[in-house]
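Being a predicted model, the structure only gives us computed values, none of them experimental. Note on naming: letters A, B, ... go to the chains in the order of the sequence lines (proteins, then strands), and numbering restarts at 1 for each one.
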Amino acid sequence: GAVVSQHPSWVICKSGTSVKIECRSLDFQATTMFWYRQFPKQSLMLMATSNEGSKATYEQGVEKDKFLINHASLTLSTLTVTSAHPEDSSFYICSASLGEIDEQFFGPGTRLTVL
Amino acid sequence: LAKTTQPISMDSYEGQEVNITCSHNNIATNDYITWYQQFPSQGPRFIIQGYKTKVTNEVASLFIPADRKSSTLSLPRVSLSDTAVYYCLVGDLMDTGRRALTFGSGTRLQVQP
């Protein structure tokens, strides 16, 4: 199956700093990438949908100025958590697909801890 | 918006068949139903996808009744390694014409020896 990687797998940062998470589709070109957030013992919550070359579409309640998404190529999307605070600590997961209704291939996730 | 409902948890023993049902009363006509498996601190893994009736692959079967308001994931002869959270996923066609992705609450399956 298709492989999606994320980097880093975990990160610890101080409050107020910015953190960038990369999501790559390794063996296919992803028209659409999705970013999710998952708190302990909860389901995945979609944060935003990004299509290559266009602005991301954010879900209600997700601050677009805080969670910057760039999808510059068909194999790479980045999520930058700006001015991170402890409440941003979570498991961030990306997925990639050929289109919004196609099967999604998930990355392994990135554990963000903000001190 | 389609909303999915699943049992919070299920227990089983090795070798048994496990059936997990997901309700999605407001599923759109052209939405597919997809099930994923997730282990702790890992991304979800695709299990199976279907539109109607029955779909079977090497790891599971998916049963969808004619009204498509629910679906049942069937895992034959589970093993300890099947202990995980299982999510059903349906697409919601929003007013904007874009599809949202709604994960169910997830069912935590615990397989015991």
Task: Mutual orientation of the aromatic rings belonging to Phe106(A) and Tyr36(A) [parallel < 30°, tilted 30-60°, perpendicular > 60°] - done: tilted
Open item on the list: Does this structure show an ion pair linking Asp31(B) with Arg68(B), if we count only N-O contacts that are shorter than 4.0 Å?
Closed with: no
Task: Pairwise side-chain contact, Leu80(B) with Asp82(B), heavy-atom cut-off 4.5 Å (strictly under) - done: no
TODO: Please flag which part of Gln6(A) lies under 4.5 Å from any non-hydrogen atom of chain B: side chain, backbone, both or neither.
DONE: neither
TODO: Answer with side chain, backbone, both or neither: which region of Arg108(B) has an atom nearer than 4.5 Å to a non-hydrogen atom of chain A?
DONE: side chain
Open item on the list: Is Ile93(A) close to chain B through its backbone or its side chain, or both, or neither, when contacts mean heavy atoms under 4.5 Å?
Closed with: side chain
Task: Engaged part of Ser105(B) at the chain A interface, taking heavy atoms whose separation is under 4.5 Å - done: backbone
- [ ] Indicate if Tyr92(A) and Val62(A) have the same hydrophobic cluster label, given that clusters are the connected sets of ILVMFWY residues with side-chain heavy-atom separations under 4.5 angstrom.
- [x] yes
